[in-house]
Amino acid sequence: MKESKKIFPQAHQWFQSKGWQVAPFQEEAWQAYADGKSGLVNAPTGSGKTYSLMLPVLLSGDSTSPRPSPPRRGGEGVRCIWITPIRALAKEIFQSAERAIEALDLDWTVDVRTGDTTTAQRAKQKAKMPNLLITTPESLHLLISSKGYDKTFKNLKCVVVDEWHELMGSKRAVQMELGLSRLRGLNPTLRTWGISATIGNMEEALEVLLGPHFPEREIAVIKADIQKKIEVVSILPDEVETLPWAGHLGIKMLKKVLPVIDKSESTLIFTNTRSMAEIWYQKILDVAPKMAGIMAMHHGSISRDIRFWVEDALHTGLLKAVVCTSSLDLGVDFRPVESIVQIGSPKGVARFMQRAGRSGHQPGATSRIYFVPTHTLELVEAAALRQGIVDNIVEEREPYIRSFDVLVQYLVTLAVSDGFYPKEIFEEVKKTFSYESISPEEWQWCLDFITTGGKSLSGYDEFHKVEIMQDGLFKVTSRRTAQRHRMSMGTIVSDAMIKVKFQRGGYLGSIEEYFFSRLKPGDVFWFAGQNLELVKMRGMIAEVRKANTKNGLVPSWKGGRMPLSAKMGAMLRRKIEESVSKQHNDPELKLIEPLWELQRERSHIPSRDEFLIEKYKSEDGYHLFFYPFEGRLVHEGMATLLAYRLSLFKPLTFSIAMNDYGFELLADSSIPIEEALDSDVFTLTDLREDIMQSVNAVEMARRRFRDIASIAGLIFTGYPGQPVKDRHLQSSSQLIFNVLQDYEPDNLLLQQAYDEALEFQLEEGRLRQALERIHKQEIVIQNMDKPSPFSFPIMVDRMSRDKLTSESLEDQVKKMKLKMG
DNA sequence: GACCTGCTGCGGCGTG
């Protein structure tokens with residue numbers, strides 16, 4: 001370690017002058033960088049990870065001079081690119097860089113380039129690029145799509161990808177891989193560094209960043225040895241009966257949450273959905289009107305202006321509490337708050353830890369997170385989360401591979417700028433993790449696709465985007481094509497949103513088109529913490545005014561589903577067992593004991609090597625309940641699979657319901673489950689075939705295809721400010737889907753849609769593992785006279801989806817409770 | 001195509 005001091009004495013001096021300590025991992029990173037290595041710095045937020053790479057980049061030979069010297073004239077171009085997944089973080093990186101440059105008296109220039117960069121700034125950059133460029137993966141691709149980009153990046157020595165764990169597991173990472181492959185093509189000695197929080201598959205994260213064939217001896221992995229203490233405090237009801245058996249809102253716990261808010265300087269209240277945030281915000285105001293003015297709300301559909309204001313107000317101590325969704329997980333790294341409250345299951349240990357980390361930022365300080373269960377079985381989740389933290393469990397982020405939509409977009413990007421020669425680019429693309437396995441035929445398909453639209457779309461000129469020049473250069477010559485392409489780059493596809501505005505101006509945020517299709521003028525809804533009356537619709541704008549009525553609809557957004565992570569599922573199974581055998585110290589598990597007694601009385605509690613199937617007959621029909629604890633998506637797949645296999649024994653129509661813990665099959669005549677078990681209904685044999693038979697794979701693929709088509713540039717989503725209506729997008733994507741389905745079933749984008757449906761919607765891999773596990777377990781079939789605590793919430797879930805009944809859900813649940821005695 | 005609880009993230013109308 002002594003030697004590194006010789007390499008960057010200025011850095012040490014600067015740290016000293018500030019009274020900062022140089023952490024061992026920082027020194028290690030400086031050394032590795034000076035040695036010319038690439039790699040990954042694995043360090044938590046707030047650990048000084050930025051300077052672990054910022055300083056060696058600035059101070060090493062990549063700078064014009066490590067000592068003060070008169071600035072050289074322009075033309076040096078970009079020497080380092082710093083990638084951040086979030087625009088808002090760019091500002092912070094920029095400030096860190098400026099601070100370092102000034103303190104060390106260097107002649108680096110630094111600037112930010114994102115969608116927020118103004119036209120004037122862009123023009124300035126075009127004349128003279130900064131030496132350190134802070135940008136996003138999307139903006140990097142936009143730069144690659146401009147003429148002479150190879151000159152811009154001619155002197156590039158290093159790329160740093162910040163928050164790499166955030167990109168991993170999304171197509172944005174694939175886009176990053178492609179961008180890196182091109183930059184390495186331009187500069188074979190380019191150093192690539194990632195900065196990442198811990199994820200379950202760290203080695204893979206490194207491999208994705210550097211590509212699978214990066215020379216081993218040029219790689220370094222730097223791990224910050226900072227262990228954060230996290231304390232999980234459940235907010236418990238006085239009696240377990242207070243908690244509902246089913247439900248997810250947790251409003252019943254409101255009174256217990258208020259004291260936490262009261263006694264803390266500042267509190268973040270995390271909810272799982274945007275509508276839940278809206279509801280909690282309103283309910284808190286209802287019971288604690290004094291919170292008006294010192295409490296705010298923050299979620300992804302609220303306008304950026306309002307969100308910035310909230311972040312700022314939290315900084316300056318104006319706000320005492322903010323109700324939010326994961327929009328505050330990341331992004332602006334604000335001053336830590338005193339208390340964190342999590343309402344309902346966060347579904348994964350990593351997400352929970354990240355949120356906990358928002359409190360107690362001082363080194364050595366303990367982060368405390370209050371967990372609020374919203375139904376009885378979530379008491380077990382509390383214990384599971386605590387154990388998960390103790391055992392250091394962190395979920396994986398699975399990288400996307402072979403995403404042909406991202407690849408064809410990239411190829412058009414290259415064709416838009418200076419054009420490309422396929423042979424050269426193929427070699428680069430093959431070196432990425434994502435496309436390592438691409439075959440020459442598949443590559444040729446991509447080239448055909450961008451030049452002719454492929455076999456079935458060749459009749460349409462708009463798909464002939466790229467031309468092949470005489471010398472074999474692939475290039476876009478049409479201005480319109482180039483412009484449209486630049487306008488639709490990136491891999492994030494959003495639904496068309498209606499903007500919500502006050503009549504006199506004042507933009508509040510956006511809600512999906514669908515929500516408004518059910519509303520007529522005069523209707524009242526809650527949004528952004530306000531009670532609003534719809535005045536009129538104007539295109540994609542909803543004009544509103546403040547309403548005086550107390551009640552209103554709460555918008556629901558489509559959003560993504562967050563199923564229980566596999567690791568949480570395993571931990572839940574373990575904790576149930578510990579709770580039942582009373583081998584634990586968790587207060588939550590103690591509280592839930594009466595529920596186990598009831599479960600045992602009415603049914604059975606499965607041990608680790610048992611798999612429980614409950615049978616129950618009601619006036620609705622014949623029910624079967626299964627409990628794999630694998631999350632909603634896997635359950636949905638498994639339920640359809642079993643329904644299909646069971647129907648081979650006897651013609652039956654099933655209705656299916658599920659939650660994160662288990663699923664239900666309901667039929668109107670008896671279900672031959674024993675018979676089916678005898679002939680191995682959980683078998684892995686013919687799994688793929690049976691899945692394809694049982695689920696509506698075409699429909700699932702059709703839905704995935706919309707995003708794929710938009711990333712691949714098959715559909716144009718409109719000019720900024722005048723988006724194309726969703727139903728138009730829907731229909732054009734469907735049209736193309738149908739054409740491909742009929743005339744070109746081997747189309748790679750179409751196949752990708754099927755692959756994604758299987759992998760991400762059915763979570764086939766996890767389904768397979770779950771079936772394997774069940775196979776090794778002993779199956780216990782239990783008849784029930786009354787629904788068990790396990791099965792009850794699933795039944796409620798089914799009822800809430802049953803449109804035929806006119807009874808309100810609440811009445812039904814009451815009736816059911818009476819019946820159950 | 002959605003409703004049935006369901007997050008987050010970026011970019012965009014210019015070629016010397």
Checklist entry - Quick one: CE on A/Met353 to CZ on A/Arg358, what's the gap to the nearest 0.5 Å? => result 14.5 Å

Checklist entry - Distance between the C1' atoms of B/dG16 and B/dG12, in whole angstroms? => result 23 Å

Next on the checklist: Is it the case that the side chain of A/Arg355 and the backbone of A/Asp329 share a donor-acceptor pair, with hydrogens and angles ignored and the cut-off at 3.5 Å?
Outcome noted: no

Checklist entry - Between A/Arg486 and A/Thr114, which is nearer to the 5' end of DNA chain B once each is assigned its nearest nucleotide? => result A/Thr114

Next on the checklist: Is it the case that B/dC4 (base atoms only) and A/Ser556 (side chain only) share a donor and an acceptor within less than 3.5 Å, ignoring hydrogens and angles?
Outcome noted: no

Checklist entry - Considering only the P atoms, how many Å lie between B/dC4 and B/dT8, rounded to the nearest integer? => result 16 Å

Item to check | Heavy-atom side-chain proximity of A/Met537 to A/Phe516 below 4.5 angstrom | outcome: yes

Checklist entry - Can a donor-acceptor pair under 3.5 Å be found between the side-chain atoms of A/Thr325 and the base atoms of B/dC7? => result no

Next on the checklist: Heavy atoms only, 4.0 Å cut-off, all strands: where does A/Leu249 land among base, sugar-phosphate and nothing?
Outcome noted: nothing

Next on the checklist: So A/Gln734, base contact, sugar-phosphate only, or nothing? Heavy-atom distance under 4.0 Å.
Outcome noted: sugar-phosphate

Checklist entry - Is it the case that A/Arg486 and A/Ser145 place a side-chain donor and acceptor less than 3.5 Å from each other? => result yes

Checklist entry - For the pair made of NZ in A/Lys171 and P in B/dG11, what is the distance, rounded to whole Å? => result 19 Å

Next on the checklist: If I pick the P atom on B/dC7 and the same atom on B/dC3, what distance separates them, to the nearest angstrom?
Outcome noted: 11 Å

